[in-house]
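By convention in this document, chain letters (A, B, ...) are assigned in the order of the sequence lines, proteins followed by strands, and residues within each chain are numbered from 1. Fair warning: this is a prediction, and the values are worked out from it, not measured in the lab.
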Amino acid sequence: MRYMPHTAAEREEMLTKIGVGSIDDLFTDIPEESRLEGLLDLPLHESEMVVEKNFRKLAAKNLSPYSVPCFLGAGAYQHHVPSVADHIIQRSEFLTAYTPYQPEISQGTLQALFEFQTQVALITGMEVANASMYDGATSCAEAVLMACRVTRRKKAVISGNLHPHYRDVTHTTLQFTEFETIDLPPAVSGAERVDDHITSEIACVVAQNPDFFGRLHDLSALAEECHAAGTLLVVVVNEVVSLGAITSPGEMGADIVAGEGQSIGVPLSFGGPYVGLLATRQKFVRQMPGRLCGQTVDQDGKRGFVLTLSTREQHIRREKATSNICTNAGLCSLAFTIHMSLLGESGLTKLASLNHSQAVTLAEKLEAIDGVDLLNDSFFNEFTLRLPMNAASAVEKLGEKGILGGVPVSRLIPDDPEMANLLLVAATETCSASDMDDFVATLKEVL
Amino acid sequence: MLNNKGRPTQPAAISEMDTVVETFTGNKGLELESPLIFEQGVPGRVGVDMVDPQPVKSRLGGLERKDPIGLPDLSEPQVLRHFVRLSRQNYAIDAGFYPLGSCTMKHNPRINEKVARLAGLGDLHPMQPTSTVQGALELIDSLAHWLKTITGMPAVAMSPAAGAHGELCGVMAIRAAHEASGESRTRILVPESAHGTNPATAALCGYKVDAVPARKDGRMDLDAFAEQLGPDVAGVMLTNPNTCGLFETDVKKIADMVHEVGGYFYCDGANLNAILGRVRPGDLGVDAMHINLHKTFSTPHGGGGPGAGPVVLSEALAPFAPIPFVTHGENGFDLVEQRSGAAAKSFGRMKGYHGQMGMFIRALAYMQSHGADGLRQIAEDAVLNANYIRVGLEDKLNSPFEGICMHEALFDDSTLKGTGVTTLDLAKAMIDEGYHPMTMYFPLVVHGAMLIEPTESESRQTLDQFIGSMRHLLDKAKTGESDYFLSAPHYAPRRRLDETGAARNPLLRWVPPEPAETEETSLSAAS
């Protein structure tokens with residue numbers, strides 16, 4: 001087997017040196033009656049050529065969204081990832097390094113993390129960011145836990161327009177803790193009275209911008225209401241490209257930003273791995289979850305970077321840690337950093353503007369179709385349509401005609417008649433004018 | 001010697017220069033520095049070409065950003081060079097031996113990377129209609145089959161994103177099962193040698209954590225365990241092979257004991273590599289175990305992630321598994337995404353979408369490449385290599401626990417006593433020798449612990465050289481050359497870093513320099 005270097009003769013010599021007669025003598029601590037004598041009931045090893053064929057066969061059974069007009073969003077967005085990003089993350093030195101616990105020989109990973117933290121802080125308008133979480137949904141849950149620690153309060157108010165997966169993951173994470181949530185229902189009309197629930201008992205309010213239905217909100221007034229009650233405002237962003245066009249959560253008064261960074265540098269990959277973002281104010285850093293990279297100097301006075309404030313973390317604090325998280329999304333955060341470096345100020349601004357103009361163009365075409373209503377009065381690159389038919393059926397029919405025409409809201413919010421005809425539609429820089437025309441024409445046929 | 005153009009073809013016999021020279025750039029030949037990306041930009045440079053947006057009437061609802069973000073503008077070659085330079089300041093398994101105990105730093109095959117990027121796999125959107133992703137669901141189902149067969153367990157939850165996330169999944173399933181039978185148990189037992197994630201996870205599930213001490217032979221103390229057990233115990237979290245690199249010989253008894261009081265057996269699967277194809281956790285009484293695809297099944301560590309931590313579950317815990325999961329019916333594969341029907345008892349959702357698909361693809365490619373025969377060989381070679389190192393060093397270093405080890409060899413620092421050299425100093429000197437140091441000061445039950453995990457990927461020649469190098473360093477430490485160790489590393493891109501200073505004054509991001517000072521103004525006036 002090509003991955004293992006020993007020959008049979010070498011194995012024998014090594015066993016002799018160890019002082020045992022056979023390989024079985026190294027496994028005698030396993031209870032005798034449980035030892036496997038034969039092989040597992042699985043196929044034998046395959047050559048690289050055969051393995052590749054196996055996966056090509058599996059891939060052929062899927063419809064690649066890059067091969068057809070695609071308007072899917074709902075928290076995961078199709079964007080062009082520059083070749084440089086994928087090339088760099090495949091360099092051995094980044095791909096096959098462990099967590100940078102030995103900073104002298106991990107400055108590459110560490111400096112990139114420091115740059116990642118800075119980029120995330122800049123785009124969210126916050127003072128500091130951590131070195132990434134698993135994904136946006138887990139980051140949201142961690143943000144709520146963090147807000148409870150900071151405020152020493154036990155309740156969080158969750159906007160009904162938060163991505164349902166984010167809400168569910170937050171529920172799951174909190175269910176066996178002393179913390180609880182007050183959940184507002186999804187507000188299709190856009191009007192949601194979050195402020196009615198803010199009291200001196202509330203640790204945080206969680207609001208998403210753009211929200212699950214694609215609408216944009218000025219959260220400044222909500223932030224003020226929160227702060228007056230000593231409550232933190234957690235702002236969730238799952239389309240980070242929007243931050244190139246709209247006022248940042250920090251500027252609106254957010255205390256914690258929990259985000260999904262997939263749009264920058266990370267392939268769709270059927271939902272994971274992605275990269276969770278978590279940013280906050282400097283004064284809360286000691287309550288943050290996850291790894292943090294900090295700047296320092298070495299013995300010779302040269303600037304260098306280390307993992308820091310690890311006294312918050314599980315390997316030091318054990319059951320008193322701020323979180324049980326250990327692994328982060330290292331390589332995805334690197335891809336994010338590279339893509340964001342390529343974009344820069346001018347690129348991110350232009351990409352955001354391009355996304356918005358694509359979405360506006362598409363929305364105008366779609367809302368012109370008889371019986372189709374656009375729900376949003378504002379949006380960035382995704383909006384919600386009310387169709388004159390069941391949206392899930394429409395999506396199936398569009399799929400049969402080779403168009404990935406959006407996400408039916410009912411897939412994420414089932415069993416609610418109000419949602420049955422709602423369709424989330426996203427348009428990014430990847431869709432062409434003809435993609436849009438095909439979509440519009442086919443949707444007319446389907447309806 | 002000069003060639004006929006006067007170009008010297010041999011180095012001068014005696015160099016007059018000191019061997020250490022400061023360069024103008026701060027670079028040292030191939031060792032190239034790169035400033036922070038924020039220090040390299042020039043406004044207006046372009047790193048991504050794209051079409052100009054069509055002018056449209058803004059529908060941003062008056063939320064247009066007014067202030068600049070503060071990101072630097074760079075060209076593509078600048079960005080490429082920056083990250084190439086950074087990459088060269090990293091140690092990596094591709095470049096050298098990385099015997100980091102408990103981390104299973106094995107070879108990361110490139111076929112895995114290739115197939116993870118195939119069109120139709122790496123580019124699928126998670127919310128495509130399931131009819132358009134039948135191959136993806138088949139892949140997840142197939143990986144689940146391999147994991148269940150390898151572990152001898154009836155069910156697997158695929159969505160956890162990492163080992164600690166998998167622990168959370170397992171312990172939540174345990175708590176959900178107890179609650180479903182109307183029991184409110186309050187304690188989880190965890191051996192002292194456990195990974196820090198174990199107690200942190202139990203605490204996040206609302207449990208009080210009680211530590212169980214180790215016996216003299218490095219296994220969990222059964223008498224102490226028996227004393228701690230009671231009707232209020234929800235379960236035990238045991239790593240097997242444990243973090244001392246030893247198989248818990250009484251594992252079945254431990255399972256029986258915890259089951260007897262109505263508790264569950266959570267096994268931390270971080271060290272599964274040692275037992276692949278030699279024993280199935282399902283035959284040892286395990287109720288839940290996470291599998292680190294990024295350790296055992298070679299998905300790359302990527303400088304700290306991403307990982308994937310599927311959790312195999314017993315019949316008793318399977319109904320409580322998190323959503324989503326893949327089912328197979330008349331119309332092909334489907335996804336159960338809501339807590340109803342087959343998932344009515346599910347304890348909830350752990351992450352967005354369906355799990356770490358990119359890691360699933362890589363892990364399955366790795367499994368297919370090995371097959372049943374190769375998987376068993378992995379465990380055998382990993383254990384063989386660890387014991388080879390143990391025997392090669394045991395006259396120089398003290399093994400706190402006698403006898404054969406599994407996939408990692410554990411030593412304490414008693415040999416270094418009185419030398420003025422610590423485990424940390426020794427580790428930094430290993431960097432100069434071209435190795436990534438072993439895991440240090442873990443497990444906590446051993447003083448100055450050194451945990452060495454070679455994995456099956458390493459050749460005998462690599463192991464021999466490593467053993468030779470360690471023996472050389474240990475001899476050096478014992479002959480009073482402590483200064484050499486205290487000042488190590490000498491040959492890394494950085495010397496030892498001030499970690500205390502970093503924690504005292506956390507500087508977690510770049511900040512723009514203060515506006516230009518008057519000195520600069522007067523300079524430009526002078527020019």
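- Heavy atoms closer than 4.5 Å to chain B are found in the side chain of V306(A), but not in its backbone.
- Side-chain contact annotation: T249(B) with D29(A), donor-acceptor N/O pair under 3.5 Å absent.
- A salt bridge links E104(A) with K428(B): the closest approach of a Lys/Arg side-chain nitrogen to an acidic carboxylate oxygen falls below 4.0 angstrom.
- The nearest pair of heavy atoms linking G304(A) to Q107(A) is CA-OE1, 3.4 Å.
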task = Go through the steps for H356(A) and R59(B) under the test side chain to side chain donor-acceptor pair (under 3.5 Å), then give the verdict.
result = CA-CA 8 Å; H356(A) 186 54; R59(B) 297 180 79 159; over 6 Å; no
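- Within the 4.5 angstrom heavy-atom criterion, atoms from both the backbone and the side chain of Y98(A) approach chain B.
- Residue L404(A) touches chain B through its side chain alone, counting heavy-atom pairs closer than 4.5 Å.
- Both the backbone and the side chain of M14(A) come within contact range of chain B, each with at least one heavy atom under 4.5 Å from a heavy atom of that chain.
- The aromatic ring centres of H45(A) and H370(B) sit 6.0 Å or more apart.
- In summary, the side chains of S106(A) and N90(B) do not present any donor paired with an acceptor at a separation below 3.5 Å, with no hydrogens or angles considered.
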key: side chain to side chain donor-acceptor pair (under 3.5 Å) evaluation trace for E64(B) with S58(B)   = CA-CA 9 Å; E64(B) 286 79 359; S58(B) 167; 2.6 Å; yes
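- Aromatic ring pairs are classed by plane angle as parallel below 30°, tilted from 30° to 60° and perpendicular above 60°; the pair Y91(B) and H436(B) is tilted.
- At a 4.5 Å heavy-atom cutoff, the contact between L375(B) and chain A is made by side-chain atoms alone.
- Ion pairing between E115(A) and R509(B) fails under the 4.0 Å rule for side-chain N and carboxylate O.
- Heavy atoms closer than 4.5 Å to chain A are found in the side chain of L118(B), but not in its backbone.
- Contact annotation for Q128(B): both backbone and side-chain heavy atoms come within less than 4.5 Å of a heavy atom of chain A.
- No close placement of the H125(B) and F270(A) rings is indicated, their centers lying 6.0 Å or farther apart.
- With chain A as partner, the option from E138(B), K66(B), E499(B) having the largest number of non-hydrogen pairs under 4.5 angstrom is E138(B).
- The parts of A136(B) that come within reach of chain A are both its backbone and its side chain, each placing non-hydrogen atoms under 4.5 angstrom from that chain.
- If you measure heavy-atom distances from P129(B) to chain A, the contacts under 4.5 Å come from both the backbone and the side chain.
- No donor-acceptor contact under 3.5 angstrom links the side chains of E167(B) and N324(A), judged on distance only.
- Using a 4.5 Å cut-off between heavy atoms, K57(B) touches chain A through its backbone atoms (N, CA, C, O) alone.
- For R56(A), the parts sitting under 4.5 Å from any heavy atom of chain B are the backbone and the side chain alike.
- With a threshold of 4.5 angstrom between heavy atoms, K252(B) approaches chain A through side-chain atoms but not through N, CA, C or O.
- With a threshold of 4.5 angstrom between heavy atoms, S34(A) approaches chain B through its backbone and through its side chain.
- Residues D283(B) and R35(A) are not paired through a salt bridge, judged by the lack of any N-O separation under 4.0 Å between the basic side chain and the carboxylate.
- For a residue to count as touching a neighbouring chain, one of its non-hydrogen atoms must lie under 4.5 Å from one of that chain's; by this rule T172(A) touches chain B with backbone and side chain alike.
- For E178(A), no part sits under 4.5 Å from any heavy atom of chain B, backbone or side chain.
- Only the side chain of Y98(B) comes within contact range of chain A, judged by heavy atoms closer than 4.5 Å.
- Contact annotation for E396(A): only side-chain heavy atoms (C-beta onward) come within less than 4.5 Å of a heavy atom of chain B.
- For L15(A), the parts sitting under 4.5 Å from any heavy atom of chain B are the backbone and the side chain alike.
- For E113(B), the part lying near chain A is the side chain, with the backbone staying farther off; criterion is any non-hydrogen pair under 4.5 Å.
- Interface residue M406(B): only side-chain heavy atoms are found under 4.5 Å from chain A.
- With a threshold of 4.5 angstrom between heavy atoms, L100(B) approaches chain A through side-chain atoms but not through N, CA, C or O.
- In this structure, the portions of R411(A) lying under 4.5 Å from any heavy atom of chain B include both its backbone and its side chain.
- Looking at residues two or more places apart in sequence or on another chain, you find a salt bridge (Lys or Arg N to Asp or Glu O under 4.0 Å) between D300(A) and R495(B).
- In this structure, the portion of E251(A) lying under 4.5 Å from any heavy atom of chain B is its side chain and not its backbone.
- By the salt bridge (Lys or Arg N to Asp or Glu O under 4.0 Å) test, E458(B) pairs with no residue at all, sequence neighbours left out.
- Interface residue F38(B): only side-chain heavy atoms are found under 4.5 Å from chain A.
- If you measure heavy-atom distances from L122(A) to chain B, the contacts under 4.5 Å come from both the backbone and the side chain.
- With a 4.5 Å cut-off on non-hydrogen atoms, L351(A) touches chain B through its backbone and its side chain both.
- Residue E337(B) touches chain A through its side chain alone, counting heavy-atom pairs closer than 4.5 Å.
- Using a 4.5 Å cut-off between heavy atoms, R117(B) touches chain A through its side chain atoms alone.
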key: Candidate pair D135(A) and T138(A), rule side chain to side chain donor-acceptor pair (under 3.5 Å), full reasoning   = CA-CA 6 Å; D135(A) 70 357; T138(A) 54; 2.8 Å; yes
